[in-house]
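Structure, as structure tokens:
In what follows, every chain begins at residue 1, and chains take the letters A, B, ... in the order their sequences are listed.
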Amino acid sequence: MMIAFSRFRFLLPCVLLAVVAGCESEDAAEPAPDHLALGNPSGATADVNQPTNYLLTKPQYILSYHRDRGIPNWVSWHLSTEWLGSAARQDDFRADASLPTGWYQAQSSSYTGSGFDRGHNCPSADRTKTVADNSATFLMTNMIPQAPNNNQQAWGDLEEYCRTLAKVGNELYIIMGQYGTGGTGSNGTKSTLDNGRITVPKRIWKVIVVLPEGSDDASRVNSSTRIIAVDTPNNNSLNTDWASYRTTVDAIEAATGYDLLSAVPVAMQRTLESRVDAGPTQ
DNA sequence: CTGAGCGCC
DNA sequence: GGCGCTCAG
């Protein structure tokens with residue numbers, strides 16, 4: 001609900017960036033890395049002594065990594081037409097060498113034969129402006145063991161819908177995460193992969209804040225801002241209609257212990273986080 | 001039916 | 001690089 005930034009009357013992404021990532025990319029060629037503009041859900045920091053909530057920052061997205069689960073806690077990114085172009089899907093799944101020395105690194109092959117997909121958090125198709133941007137989405141720190149029908153159907157459709165919203169003139173702030181242990185893929189139920197080094201999450205959630213493009217950052221979140229929150233089972237027999245899993249941000253906070261959208265004024269959070277989206281789904 | 005997007009081997 | 005699946009147009 002609240003915490004550090006509640007005293008700001010309006011959204012101040014640049015101020016937040018100054019705190020978490022530095023703020024001087026106004027005229028960089030790449031879009032500014034404002035992936036945490038709405039807050040840091042778990043207070044992650046780039047501190048090797050916090051291996052279960054380790055902040056990993058990249059130009060294309062930002063995430064909290066859990067060393068002992070071998071997967072991210074959550075991944076956050078910004079989506080608008082600035083990120084969309086014609087770069088081909090790179091398919092270069094690979095270990096993330098940027099993890100601290102000595103930490104386990106999931107390999108491209110670590111999920112093979114498990115019955116779970118290497119499911120993207122930040123999707124490949126959300127990062128097609130440059131080859132480098134697309135390639136970055138294939139780092140294994142951006143992946144989770146995801147039931148194929150969850151990934152390729154329910155989740156794929158939701159991701160496609162997000163891009164549709166971006167292409168018609170919206171900017172989206174997206175946070176995806178996972179919690180719990182144990183899922184059912186195409187090869188049965190599993191708790192872990194790779195000899196216990198990768199945890200199969202039980203639930204996979206996403207919170208999408210839809211903002212109109214072009215208006216001033218400072219006043220864009222208001223009581224009519226659309227927020228889509230979903231929480232799905234990591235089970236291959238799920239309902240493939242993602243809309244059937246719509247829920248509230250409050251419910252996801254209760255399940256995860258995170259503080260989502262903490263950069264939004266508290267009163268606004270109260271209004272928005274208790275609402276279940278009822279908008280169109282395609 | 002084709003193309004896009006998610007994957008697998 | 002080929003193949004399968006689902007979905008939208």
Side-chain angles (χ1 to χ4, degrees), chain A residues 60-61 63 70-72 75 77-96 106-170 172 174-178 183-190 193-194 198-201 203-206 208 210 228 230-246 279-282:
Chain A
Q60 297 82 10
Y61 53 89
L63 64 88
I71 55 173
V75 181
W77 67 99
H78 183 227
L79 175 62
S80 70
T81 53
E82 285 189 43
W83 289 98
L84 302 178
S86 56
R89 180 183 169 98
Q90 296 301 300
D91 263 321
D92 50 350
F93 293 93
R94 62 198 184 282
D96 190 341
Q107 304 297 305
S108 174
S109 59
S110 296
Y111 294 19
T112 303
S114 68
F116 291 90
D117 285 356
R118 295 171 294 190
H120 284 71
N121 279 255
C122 180
S124 165
D126 280 14
R127 291 292 178 264
T128 54
K129 196 69 172 184
T130 67
V131 167
D133 284 349
N134 186 262
S135 178
T137 70
F138 287 89
L139 291 165
M140 292 303 292
T141 45
N142 186 41
M143 302 297 165
I144 53 166
Q146 191 168 8
N149 289 343
N150 183 306
N151 180 40
Q152 299 178 28
Q153 295 181 49
W155 221 249
D157 291 350
L158 176 54
E159 293 168 350
E160 188 64 40
Y161 179 55
C162 287
R163 287 186 290 274
T164 297
L165 290 173
K167 288 171 183 171
V168 299
N170 296 291
L172 285 71
I174 303 173
I175 309 164
M176 171 171 173
Q178 29 276 329
T184 304
S186 58
N187 196 17
T189 299
K190 290 183 166 63
L193 310 182
D194 200 6
I198 298 169
T199 295
V200 178
R203 305 284 302 190
I204 305 171
W205 57 269
K206 183 173 271 187
I208 301 150
V210 185
I228 305 167
V230 298
D231 187 354
T232 66
N234 192 16
N235 188 313
N236 219 33
S237 58
L238 86 169
N239 184 335
T240 57
D241 177 15
W242 63 264
S244 69
Y245 296 106
R246 284 190 280 196
T281 62
Q282 57 180 297

**Report entry** Face-on cation placement of A:Arg118 at A:Phe93 ring, 6.0 Å and 45° thresholds
**Finding:**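 Ring-cation test returns yes.
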Query raised in the report: In terms of side-chain heavy atoms, does A:Asn134 have a donor or acceptor partner in A:Gln90 at a distance below 3.5 Å?
Result: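 The criterion, which ignores hydrogens and geometry beyond distance, is not satisfied for A:Gln90 and A:Asn134.
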Query raised in the report: Would you say the side-chain atoms of A:Ser135 and A:Asp92 include a donor-acceptor pair closer than 3.5 Å?
Result: yes
Starting at [atom1] of [X] and ending at [atom2] of [N], how long is that distance when rounded to a whole Å?
| X | N | atom1 | atom2 | value |
| --- | --- | --- | --- | --- |
| A:Asp241 | C:dC7 | CG | P | 10 Å |
| A:Lys167 | C:dG9 | NZ | P | 11 Å |
| A:Asn151 | C:dC7 | CG | P | 14 Å |
| A:Asn149 | C:dT6 | CG | P | 8 Å |
| A:Trp242 | C:dA8 | CH2 | P | 12 Å |

Report summary line: Closest non-hydrogen atoms of A:Trp77 and A:Pro123, given as atom of the first, atom of the second and distance, are CZ2-CD, 3.3 Å
Requested in this report: Work out which heavy atom in A:Asn150 is nearest to a heavy atom in A:Asn234; give both atom names and the distance.
Outcome: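 Of all heavy-atom pairs spanning A:Asn150 and A:Asn234, the closest is ND2-CA, 4.1 Å.
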Query raised in the report: For C:dC7, does either OP1 or OP2 sit under 4.0 Å from a side-chain N or O belonging to A:Gln282?
Result: no
So what does [X] touch, heavy atoms closer than 4.0 Å: a base, only the sugar-phosphate, or nothing?
| X | value |
| --- | --- |
| A:Gly115 | nothing |
| A:Phe116 | sugar-phosphate |
| A:Arg89 | base |
| A:Asp91 | nothing |

Query raised in the report: 5' to 3' on DNA chain B, which nucleotides open and close the contacts with chain A (atom under 4.0 Å from a heavy atom)?
Result: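 Footprint of chain A along DNA chain B, 5' to 3': B:dG5 to B:dC9.
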Query - Flag side-chain contact, heavy atom, 4.5 Å: A:Leu84 against A:Leu79 - result: yes
